[in-house]
Amino acid sequence: MEGHTEGHTYERAKRTGNVMLALLILLTVVEFSMAVLLDGAVLLAGLALGAVVEAFLIAEYFMHLRQLRPHVATVWNAATRGLRD
Amino acid sequence: MTTASVQAESTHAAPDRGHRLTMNRLGLWLFLVSDMSFFAAVISSRYFISGVQTPEEVNQVLGLALASVLVISSFTAYRAEMAAAHGDHAGLRRYLVSTIALGLVFMAGVGFEWHEAYLHFPPSTGFGTVLFTITGIHATHVLSGIVILALVIKSATPGRYGPGNYWPVEGAVKYWHLVDVAWVFIYPTLYLVR
């Protein structure tokens, strides 16, 4: 199985990394700023959303989560076979 | 061995390699998901034990610095993987060394945090229990990640890893990204909520 990295150029991969680094640093600073300016439930919701977005960006662009998508159905069917039989 | 049998063997080997890589990736993701579940349980305990209040003595600058260091280390780890994927041996070593260096900086920061935290909220307090448990478990993961990356550097002889053949680098880097994802949730949990 070829991962999605192999078809991309090295330069494109580097650019992706640079953009992701900038986004992640920005999100971290935004979280810190929210903590300074907000509190209570609004802060909690904002921090939760920020963390989820950061985690997704890392999983999708750094960990290549999309490599798994063709196999999700296979894993799901294998995991639920006992329930269906 | 005849030319025909060698060709037949290599043709048969290619799908096997692809299948093995798929299984490697699926297996690693299963492990990563289970480890994240463990972190989720430990992180959620913070809210049960000490609510959403964060003591004033928590070092916010240190927390922001630690978060930044790990984010940058995730970038260098990604660059190491891309270097391996595109046959850039020098880049692979450079970025793996950078990732390890940043990991060691992070560990030093956590050590300093523990020194400060022990004075204000020792493990006998609610927040202290939470802080030392969560950061201790995370630091153990960082340390094991550093060891794994060092082993990958040791194995990265020139020409060893290249396009289509860099699974050890990919696996080690994915584990390192798990460490960063965990801190993405730990950082606001311990430092920012109030």
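In the text below, chain A, chain B and the rest are named by the order of the sequence lines, each starting its count at 1. Heavy atoms only: backbone and side chains are in, while hydrogens, waters and symmetry mates are out.
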Go through the steps to decide whether B:E81 and A:F62 satisfy the test side chain to side chain contact (heavy atoms under 4.5 Å, CB included), and finish with yes or no. CA-CA 9 Å; B:E81 186 190 349; A:F62 282 175; over 6 Å; no

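- One distance of note links CG of A:L68 with CG of B:L26; it measures 6.0 Å at 0.5 Å rounding.
- In terms of heavy atoms, A:T9 sits closest to B:H86 at C-NE2, 3.7 Å.
- Hydrophobic cluster membership is shared by A:V42 and A:V36, with clusters built from Ile, Leu, Val, Met, Phe, Trp and Tyr side chains linked at under 4.5 angstrom.
- In this structure, chain A has heavy atoms under 4.5 Å from both the backbone and the side chain of B:A83.
- Note on B:Y187 and A:F56: separate hydrophobic clusters, where clusters join Ile, Leu, Val, Met, Phe, Trp and Tyr whose side-chain heavy atoms are under 4.5 Å apart, directly or indirectly.
- Checked by atom type and distance alone, the side chain of B:Y78 never pairs as donor or acceptor with a backbone atom of A:M63 at under 3.5 Å.
- Neither the backbone nor the side chain of A:M20 has a heavy atom closer than 4.5 Å to any heavy atom of chain B.
- In this structure, the separation between CD on A:Q67 and OG1 on B:T22 is 9.0 Å, given to the nearest 0.5 Å.
- In this structure, OG on B:S74 lies 15.5 Å from OH on A:Y61, to the nearest 0.5 angstrom.
- Contacts of A:L65 with chain B are made by both backbone and side-chain atoms, with heavy-atom separations under 4.5 Å.
- Every side-chain contact (heavy atoms from CB on, under 4.5 Å) that B:T135 has, sequence neighbours left out, goes to B:W114, B:L131, B:W183, B:L190.
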For A:K14 and B:M82, run side chain to side chain contact (heavy atoms under 4.5 Å, CB included): C-alpha distance rounded to whole Å, both residues' side-chain angles, the deciding distance at 0.1 Å, then the answer. CA-CA 8 Å; A:K14 287 179 188 175; B:M82 290 302 101; over 6 Å; no

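- Among the residues in residues 29-38 of chain B, those with a non-hydrogen atom closer than 4.5 angstrom to a non-hydrogen atom of chain A are B:W29, B:L32.
- Applying a 4.5 Å heavy-atom cutoff, the residues of residues 169-176 of chain B that approach chain A are B:E170, B:K174.
- A chain of hydrophobic side-chain contacts below 4.5 Å, direct or via other Ile, Leu, Val, Met, Phe, Trp or Tyr residues, connects B:F106 to B:F112.
- Of the two parts of B:V52, only the side chain, counted from C-beta on, holds a non-hydrogen atom closer than 4.5 Å to a non-hydrogen atom of chain A.
- Contact of B:Y191 with chain A is not made at all, since no heavy-atom distance falls under 4.5 Å.
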Audit row: B:I72, A:I25, side chain to side chain contact (heavy atoms under 4.5 Å, CB included) steps and yes/no: CA-CA 8 Å; B:I72 295 169; A:I25 293 284; 4.3 Å; yes

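- Of the listed residues B:D88, B:L192, B:V181, the one with more heavy-atom pairs under 4.5 angstrom with chain A than any other is B:L192.
- Judged purely by atom type and a 3.5 angstrom limit, B:R194 uses its side chain to pair as donor or acceptor with the backbone of A:A35.
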Assess the residue pair B:Q60 and A:F32 against the criterion (side chain to side chain contact (heavy atoms under 4.5 Å, CB included)); give the C-alpha distance rounded to whole Å, side-chain angles, the decisive distance to 0.1 Å, and a yes or no. CA-CA 9 Å; B:Q60 294 293 342; A:F32 184 82; 4.0 Å; yes

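- Cluster membership for A:I58 and B:Y95, using ILVMFWY side-chain heavy atoms within less than 4.5 angstrom, is not shared.
- Per-residue heavy-atom pair counts under 4.5 Å with chain B were compared for A:L38, A:L27, A:V29, and the maximum is reached by A:L38.
- Residue B:L70 holds its CG atom at 10.0 Å from OG1 of A:T28, rounded to the nearest 0.5 Å.
- The other members of the hydrophobic cluster of B:L151, by chain and number, are B:V147 (side-chain heavy atoms under 4.5 Å, ILVMFWY only).
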